[in-house]
Protein chains: 2
Amino acid sequence: MKMSEGVEWALHTCVNLSWTDPGEAVPAARLAEVFALPTAYLAKHLQALARAGVLISTTGPRGGFRLARDPGDITLLDVVTAIEGPEDAFRCRQILKDGPGGRPDVDYRRTCTVSQAMRRAELAWRAELAGQTIADIRRTVEQRDPAAAPATREALR
Amino acid sequence: MKMSEGVEWALHTCVNLSWTDPGEAVPAARLAEVFALPTAYLAKHLQALARAGVLISTTGPRGGFRLARDPGDITLLDVVTAIEGPEDAFRCRQILKDGPGGRPDVDYRRTCTVSQAMRRAELAWRAELAGQTIADIRRTVEQRDPAAAPATREALR
DNA sequence: GTACGGTTACTCGGATACCGCATGTCCGAGTTGATGTGG
DNA sequence: CCACATCAACTCGGACATGCGGTATCCGAGTAACCGTAC
């Protein structure tokens, strides 16, 4: 079970975008340059964020990506879901259907005890992610390293 | 982010083993037969469980797998970790090292705010998994479907 | 000075290769139980 | 009847193929800014 590397890129990039002028878009190439990431591949993930409504993309000169809404309204879960997709990590294949006493007409994704236990764990994970926003991350970073915000803003100029 | 299908197999198989005579080992072929699973591939996962100390394997006639300890002492986290490995799903690549003001001598896996937030979510997930045991699953199943235990015991005879 | 049309450069977007890991399978090593024999 | 050596069958264990999704890249479509020209 490995989460896509793009999640890390996306989260850091969203924090970086929260430090820029909200009206101004930043090209993917500039955003990738900050962390020395492969431009095209980062762009692919940013496109996913745009499809999910987290970012807004603009083409042409002075175009690029910008946050679609206030950083306080973008949760970590929003970003993770945009990159990883909405499906759970644990996917019940309903093997109980082939087990002793298994019924073909029962949806074991809902009734199977194992499936429920795994789902409960994932809900706890999602709840933790939904409880923090990009603004929270930004605030913590600013408290720990006051130089981060200006330095990033400069790098994205 | 997709969890190995083997986790589902392993969890159900552990519950099934908890219904058998603790002293008796069950061959992988028999365990696979219950859910119509590919024998060799299930065996591969059971070997991982044995390496992790969840199961005990015995070779030769009358051999097979059996639980290494009381079902109440086997948490879901034990099983998941045995199959998926000990690493977190989110793995901090420390891209901050290449960012503005990044220092090569800092371990960003510990200090990066994004990494910490993701880690906090995974800890919540692990805590939920560690809070439930194979015995808990078994008890719930027995309450919901009293016929399950005898039927499985018969299938593993 | 201003409005406007053409041009240019810039950016995203999706289509296209590549690679590593999960999936799936197979045969050999080791062990246990059974069996037959001799005492 | 019992002990023991041999045999045979059974089981795990790791080594060997295969497919799919994450990784990485590229080129084309579309757009906005710029510039020159005409009024």
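Order of the sequence lines fixes the chain letters, A, B, ..., with proteins taken first and strands second; residue numbering starts at 1 for each chain.
Residue pairs satisfying the side chain to side chain donor-acceptor pair (under 3.5 Å) criterion with at least one member in residues 100-110 of chain A, sequence neighbours excluded, are listed as follows: A/Asp107-A/Arg109. Sequence neighbours left out, the pairs with a member in residues 72-81 of chain A that pass salt bridge (charged side-chain N to carboxylate O under 4.0 Å, His left out) are A/Arg69-A/Asp78. Residue pairs satisfying the ring-ring contact (aromatic ring centres under 6.0 Å, His included) criterion with at least one member in residues 75-94 of chain B, sequence neighbours excluded, are absent.
One can place CG of B/Leu42 at 14 Å from C1' of C/dT25, the figure rounded to the nearest angstrom. In this structure, B/Gln47 places its CD atom 15 Å from P of C/dT25, rounding to the nearest Å. Atom-to-atom, CG of A/Leu37 to P of D/dT25 comes out at 11 Å; the value is rounded to the nearest Å. Put simply, CG on A/Leu55 is 10 Å from P on C/dG13, counting in whole angstrom units. For B/His45 and D/dG14, the NE2 to P distance is 15 Å, given to the nearest whole Å.
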Identify each donor-acceptor pair in which a side-chain atom of residues 30-38 of chain B lies under 3.5 Å from a protein atom, sequence neighbours left out, and give them as a table.
from    : atom 1 : to       : atom 2 : distance (Å)
B/Arg30 : NH1    : B/Leu156 : O      : 3.4
B/Arg30 : NH1    : B/Arg157 : O      : 2.5

Just list the side-chain donor-acceptor pairs under 3.5 Å for residues 5-14 of chain B, sequence neighbours left out, or say none.
from    : atom 1 : to      : atom 2 : distance (Å)
B/Glu5  : OE1    : A/Arg93 : NH1    : 3.4
B/Glu5  : OE2    : A/Arg93 : NH1    : 3.2
B/Glu8  : OE1    : A/Arg93 : N      : 3.0
B/Glu8  : OE2    : A/Arg93 : N      : 3.1
B/Glu8  : OE2    : A/Gln94 : N      : 3.3
B/Thr13 : OG1    : B/Trp9  : O      : 2.7

For residues 41-57 of chain B, which side-chain donor-acceptor pairs fall under 3.5 Å, sequence neighbours excluded?
none

Can I get a per-line list of side-chain donor-acceptor pairs under 3.5 Å for residues 20-29 of chain B, giving both atom names and the distance, sequence neighbours left out?
from    : atom 1 : to      : atom 2 : distance (Å)
B/Thr20 : OG1    : B/Leu17 : O      : 2.7
B/Asp21 : OD1    : B/Gly23 : N      : 3.1
B/Glu24 : OE1    : B/Arg62 : NH2    : 2.8

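Between B/Leu46 and A/Thr39, the residue anchored closer to the 5' end of DNA chain D is B/Leu46, taking for each the nucleotide with the nearest heavy atom. Position along DNA chain C of the nearest nucleotide to B/Ala40 versus A/Arg51 favours A/Arg51 as the more 5'-ward residue.
Side chain of A/Glu142 to main chain of A/Ala149: no donor-acceptor pair is present (N/O by atom type, distance under 3.5 Å, no hydrogens or angles). Side-chain atoms of A/Glu84 come within 3.5 Å of backbone atoms of A/Ser4 as a donor-acceptor pair (strictly under, hydrogens ignored). Between the side chain of B/Arg138 and the backbone N or O of B/Val15 there is no donor-acceptor pair closer than 3.5 Å.
Considering only residues two or more places apart in sequence or on other chains, B/Asp136 meets the salt bridge (Lys or Arg N to Asp or Glu O under 4.0 Å) condition with B/Arg139.
Taking every heavy atom of both residues into account, B/Pro86 and B/Thr81 meet most closely at CA-CG2, 4.0 Å.
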Between protein and nucleotides 16-22 of chain D, what N or O pairs are separated by less than 3.5 Å?
none

All N/O pairs under 3.5 Å across the protein-nucleotides 9-11 of chain C interface:
from   : atom 1 : to      : atom 2 : distance (Å)
C/dT11 : O4'    : A/Gly60 : O      : 3.2

N/O contacts under 3.5 Å, protein versus nucleotides 4-6 of chain D?
none

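Within residues 7-22 of chain B, the residues that place at least one heavy atom under 4.0 Å from DNA chain C are, in residue-number order, B/Trp9.
In the hydrophobic clustering of this structure, B/Ile83 groups with B/Met1; members are Ile, Leu, Val, Met, Phe, Trp, Tyr whose side-chain heavy atoms approach within less than 4.5 Å, directly or through other members.
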